[in-house]
Amino acid sequence: QVQLIQSGGGLVQAGTSLTLSCTDSRRSSSNNGMGWFRQAPGKEREFVAGISWNGGDTLYADSVKGRATISRDRTKNTVSLQMNSLKPEDTADYYCAVALRASTSSSTTAYRYWGQGTHVTVSS
C-alpha cells in the first residue's frame, strides 16, 4: 500500500520562494522515480519536475527550469520541490506522484500513485 502525504502550498507573493514536500507514509524507502505535476484552472495537468529512484537524474519543465529544484531523501522516503522567483503563472494545484519504474518521466502515464494535491496561489 502506498499513501502519499503532501505538505506546503498556500498563498505567496510573486518573487518569493516556496517548498513543497511529499512523503510515502506506507514505505520506509522506494526504488521508484518520483515527480511533481500541476494543474491550473481550465488547463490540463502538466509536468513540473521529476527525479530518479536514487536522485541521480532530474528533469524539469521549461517553464520552471532554473527556478525549481527537486530533491529526495530515500532514508525518509520524501521528495521535495523548491521553487523560487515565483510567478502568477505558477498558480495551480500541485501533485506528487510515484513512477512505475526507477527512472523519472514527464508523462502522466509513467506514474502509478498520486498524492492528494496541494494548492499554490502566487499573488502579483
Side-chain angles (χ1 to χ4, degrees):
Q1 299 291 331
V2 177
Q3 184 173 3
L4 302 179
I5 306 299
Q6 299 182 213
S7 62
L11 175 62
V12 297
Q13 298 295 317
T16 63
S17 299
L18 183 69
T19 299
L20 304 177
S21 297
C22 176
T23 299
D24 182 354
S25 63
R26 298 292 186 180
R27 300 167 62 178
S28 60
S29 63
S30 176
N31 293 324
N32 301 77
M34 298 189 73
W36 286 94
F37 291 77
R38 67 186 182 186
Q39 187 167 20
K43 296 184 178 181
E44 64 182 8
R45 186 169 298 185
E46 66 175 359
F47 172 76
V48 178
I51 189 167
S52 61
W53 74 282
N54 62 354
D57 294 310
T58 58
L59 291 174
Y60 296 97
D62 289 340
S63 59
V64 301
K65 190 175 183 180
R67 300 189 298 117
T69 301
I70 186 171
S71 61
R72 72 185 303 169
D73 184 344
R74 294 191 68 246
T75 63
K76 299 179 179 179
N77 205 24
T78 298
V79 62
S80 299
L81 177 68
Q82 180 181 21
M83 298 182 65
N84 55 33
S85 300
L86 287 164
K87 308 176 185 297
E89 304 92 270
D90 295 319
T91 296
D93 291 320
Y94 285 73
Y95 301 86
C96 67
V98 178
L100 291 165
R101 293 181 173 274
S103 60
T104 187
S105 173
S106 61
S107 175
T108 58
T109 61
Y111 294 83
R112 187 172 191 174
Y113 303 106
W114 297 82
Q116 81 280 11
T118 185
H119 186 72
V120 174
T121 297
V122 182
S123 175
S124 61

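The CD atom of E46 lies 9.5 Å from the CD atom of Q39; values are rounded to the nearest 0.5 Å. With rounding to the nearest 0.5 angstrom, the OG1 atom of T23 is 11.0 Å from the CZ atom of R72. Of the inter-residue distances, the one linking L59 atom CG with S105 atom OG reads 7.5 Å to the nearest 0.5 angstrom. Here the CE atom belonging to M83 is positioned 8.0 Å from the CG atom belonging to L18, to the nearest 0.5 angstrom. The line from CD of Q6 to SG of C22 is 5.0 Å long, rounded to the nearest 0.5 Å. The line from OG of S103 to CG of D57 is 8.5 Å long, rounded to the nearest 0.5 Å.
In this structure, the side chains of E89 and S63 stay at 4.5 Å or more apart for every pair of heavy atoms. Two residues are said to be in side-chain contact when any heavy atoms from C-beta on lie closer than 4.5 Å; L4 and V98 meet this criterion. Taking the side chain as every heavy atom from C-beta outward, M34 and I70 never approach each other to under 4.5 Å. Contact annotation: the side chain of V64 approaches that of R38 to within less than 4.5 Å [non-hydrogen atoms, C-beta and beyond].
Closest approach of T19 and S80 over heavy atoms only: CG2-CB, 4.4 Å. When all heavy atoms of L81 and A49 are compared, the closest pair comes out as CD1-CB, 4.0 Å. For L20 against G8, the heavy-atom pair with the smallest separation is CD2-C, 3.7 Å. The two residues S17 and L86 make their nearest non-hydrogen contact at C-CD1, 3.9 Å. The shortest heavy-atom contact between H119 and A92 is ND1-O, 3.5 Å. Of all heavy-atom pairs spanning G9 and V120, the tightest one is CA-CG2, 3.9 Å.
Put simply, the side chain of T91 never gets that close to the backbone of T121: no donor and acceptor are under 3.5 Å apart. With hydrogens and angles disregarded, no donor-acceptor distance shorter than 3.5 Å links the side chain of R101 to the backbone of A110. Checked by atom type and distance alone, the side chain of Y111 never pairs as donor or acceptor with a backbone atom of C96 at under 3.5 Å. Proximity of a side-chain donor or acceptor of N32 to a complementary backbone N or O of A99 within less than 3.5 Å is detected. Listed for the Q82 side chain is no donor-acceptor partner under 3.5 Å among the backbone atoms of T69.
When hydrophobic clusters are built by joining Ile, Leu, Val, Met, Phe, Trp and Tyr residues whose side-chain heavy atoms come closer than 4.5 Å, directly or via intermediates, W114 is not grouped with V79.
Pairs passing the ring-ring contact (aromatic ring centres under 6.0 Å, His included) check and including a residue from residues 46-103, sequence neighbours excluded, read F37-F47.
Qualifying side-chain hydrogen bond (donor to acceptor under 3.5 Å, both in side chains) partners for T58, counting only residues two or more places apart in sequence or in other chains: none.
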